[in-house]
Amino acid sequence: TYNPNLTVEKEVITDPLYIGQEVDFNITVTNTGECNLTDIWINETDFSDGLVYKSFRSPYNWTYDEKSKLWILNDTLEMKKSAYIILTFNVTKAGNMTNNVTTGLGNYTFDNDTVNFTVYAPNMTVEKLTLNKTAFVGDNVTFMIVVTNTGDCNLTNVKVTEVFNSTELRFEDYTNKDKWNRNGNVFTLIGNLTSGNSANFTIVFNALVNGTLINTVNVTSNETENKTANNNTTVYKPNMSVEKISNNKTVKVGEMTSFVIVVKNTGDCNLTGVYVIDKGAEGLEYDHTVDESGKWSYEGDGKWTYNGVL
């Protein structure tokens, strides 16, 4: 009389495991009995919601019986020999998962094995904040980039890529060099970004032209999809002109003469703190000012200040 026996061992091949991926399970059946065995089966129907069966592969002659929901080994398994099969599932949910397998022969169940594993849901956000409300051509424009791990696992190889028009902005410098390495326009976080935490750095550009300048950052990691943030910064190019017009083509000694001074805003933004200095030519002595706008004030020593926005 022979005593047949089987053992089954199951292991998760894919680790770590993230939502949206495929997971492989290796199932090994071993003949631990006293005789050769045929028509060995495994039952793989007891698993957590969020696992969707996809396919199987094996160098052994396993077939799937749709009616019984069993994988059947169509070879003789000799004593102390093993045969394995790899089952692939799609992962559609995150959390703690369980997968149980049973093996047997005919109407007899000999063994089962259960694996418990965790499926993670990695995620992150990126913000790009301008630290300059207004900027002018030639000024430095500063942005802060903030990357936050909003998932439930560590993120590795976090990279921030700056996308900008080099005819509009010129890179100058960045901060937090002890936490970020720079290679051209790519900034790589040193170490992992742990769940619930953020990493940031400030980047400085010089504004070369006026207008609405678009600056984009693309962020990647080994565990997540790409993320993008934009910031549109308005850069102004202030300018003005001044014209001095004589109201008297000729004037005699001792007579009054007058001049009209016209200050014009020729730029693309309002001007404040406008002033005019006119100390006059030798032989001319200041008398008084005629100001129809009521916004000019004489400060003395040939200086007039415009008390308004031009």
Side-chain angles (χ1 to χ4, degrees), residues 8-28 44-57 85-102 112-131 143-163 174-183 185-203 215-231:
V8 64
E9 183 178 1
K10 186 171 191 175
E11 62 177 333
V12 183
I13 299 177
T14 312
D15 183 57
L17 187 58
Y18 306 109
I19 188 171
Q21 289 185 329
E22 295 178 354
V23 56
D24 287 335
F25 299 98
N26 186 81
I27 301 170
T28 302
E44 174 78 12
T45 57
D46 182 12
F47 49 82
S48 298
D49 184 30
L51 295 175
V52 180
Y53 171 73
K54 179 183 178 183
S55 62
F56 75 93
R57 62 187 187 274
I85 182 174
I86 297 174
L87 304 185
T88 301
F89 287 75
N90 290 318
V91 181
T92 61
K93 292 184 179 181
N96 295 323
M97 300 284 182
T98 299
N99 194 330
N100 182 67
V101 64
T102 303
N112 67 77
D113 192 23
T114 301
V115 290
N116 300 305
F117 56 97
T118 301
V119 176
Y120 297 101
N123 202 3
M124 65 178 173
T125 61
V126 58
E127 292 181 278
K128 185 161 194 178
L129 310 172
T130 178
L131 303 185
F143 304 94
M144 176 179 285
I145 295 98
V146 183
V147 182
T148 302
N149 184 342
T150 57
D152 55 7
C153 59
N154 293 343
L155 299 181
T156 61
N157 197 31
V158 175
K159 292 181 181 293
V160 174
T161 302
E162 279 283 345
V163 181
Y174 76 104
T175 64
N176 289 350
K177 293 182 176 67
D178 59 327
K179 297 180 180 178
W180 296 85
N181 287 328
R182 174 179 174 250
N183 183 12
N185 295 335
V186 180
F187 301 80
T188 303
L189 181 66
I190 300 171
N192 297 337
L193 184 57
T194 55
S195 177
N197 289 320
S198 298
N200 68 79
F201 65 94
T202 299
I203 188 168
N215 187 229
T216 301
V217 286
N218 295 325
V219 183
T220 62
S221 77
N222 287 344
E223 294 76 22
T224 61
E225 297 179 348
N226 296 357
K227 303 289 182 177
T228 300
N230 296 303
N231 185 279

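On a predicted model such as this, the values are computed, not experimentally measured, just so you know.
N123 has its side chain within reach of K227: a pair of non-hydrogen atoms, C-beta onward, lies under 4.5 Å apart. Using a 4.5 Å cut-off on side-chain heavy atoms (C-beta onward), F143 and V217 make no contact. In this structure, D49 and K93 have side chains that are in contact, with non-hydrogen atoms separated by less than 4.5 Å. Using a 4.5 Å cut-off on side-chain heavy atoms (C-beta onward), R57 and D24 make contact. Between E44 and N99, the closest side-chain pair of non-hydrogen atoms falls below 4.5 Å. Contact annotation: the side chain of L189 approaches that of W180 to within less than 4.5 Å [non-hydrogen atoms, C-beta and beyond]. Counting heavy atoms from C-beta outward, I145 and F187 have side chains that stay 4.5 Å or more apart.
Between the OG1 atom in T202 and the CG atom in N176 there is a gap of 6.5 Å [rounded to 0.5 Å]. Summarising the geometry, atom CE belonging to M144 is positioned 5.0 Å from atom CG belonging to N200; distances are rounded to the nearest 0.5 Å. Atom-to-atom distance recorded for N90:CG and I19:CD1 is 11.5 Å, nearest 0.5 angstrom. The structure places CD1 of I27 at 11.0 Å from CD of E9, a figure rounded to the nearest 0.5 Å. Note: E223 CD to Y18 OH = 4.0 Å, rounded to the nearest 0.5 Å.
Defined by atom type and a distance below 3.5 Å, a donor-acceptor pair is present between the side-chain atoms of N96 and T118. No side-chain donor-acceptor contact under 3.5 Å links T156 and N192. For the residue pair N26 and T28, a side-chain donor N or O sits within less than 3.5 Å of a side-chain acceptor on the partner. N149 and S195 share no side-chain donor-acceptor pair at under 3.5 Å. In this structure, a donor-acceptor pair under 3.5 Å is absent between the side chains of T102 and N112. Checking N218 against T228 by side-chain atom types alone, a donor-acceptor pair falls below 3.5 Å.
The closest donor-acceptor contact from the side chain of D152 to the backbone of Y120 lies at 3.5 Å or more, if one exists at all. The backbone N or O of F56 sits nowhere less than 3.5 Å from a side-chain atom of T88 that would complete a donor-acceptor pair. Side-chain N or O atoms of T14 include none that pairs as donor or acceptor with a backbone N or O of L17 at under 3.5 Å.
The neighbour count for N183 CG, taken as heavy atoms of other residues, nucleotides or ligands under 6.0 Å away, does not exceed 12. Summarising the local packing, NZ of K179 is surrounded by 12 or fewer heavy atoms from other residues, nucleotides or ligands at distances under 6.0 Å. For E225, the CD atom sits in a loose shell: 12 or fewer heavy atoms of surrounding residues, nucleotides or ligands are nearer than 6.0 Å.
S48 and T98 get closest at one heavy-atom pair: OG-N, 2.7 Å. The shortest non-hydrogen separation linking I190 to K177 is CD1-O, 4.4 Å. Scanning both residues, K10 and D113, for their nearest heavy atoms gives N-OD2, 2.7 Å.
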Residues N226, T220; criterion side chain to side chain donor-acceptor pair (under 3.5 Å); working and verdict: CA-CA 5 Å; N226 296 357; T220 62; 5.0 Å; no
Candidate pair F25 and F117, rule ring-ring contact (aromatic ring centres under 6.0 Å, His included), full reasoning: CA-CA 11 Å; F25 299 98; F117 56 97; 5.5 Å; yes
CA sep, side-chain torsions, deciding dist, call: N154, T194, side chain to side chain donor-acceptor pair (under 3.5 Å): CA-CA 4 Å; N154 293 343; T194 55; 5.0 Å; no
N231 and L129: CA distance, side-chain angles, deciding distance, side-chain contact (heavy atoms from CB on, under 4.5 Å) verdict: CA-CA 7 Å; N231 185 279; L129 310 172; 5.9 Å; no
Check against side chain to side chain donor-acceptor pair (under 3.5 Å), N185 and T161: CA-CA 6 Å; N185 295 335; T161 302; over 6 Å; no
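The one candidate from L193, T148, T150, V126 that meets the side-chain contact (heavy atoms from CB on, under 4.5 Å) condition with S198 is T148. The only option from N116, T114, T45 that meets the side-chain hydrogen bond (donor to acceptor under 3.5 Å, both in side chains) definition with N100 turns out to be T114.
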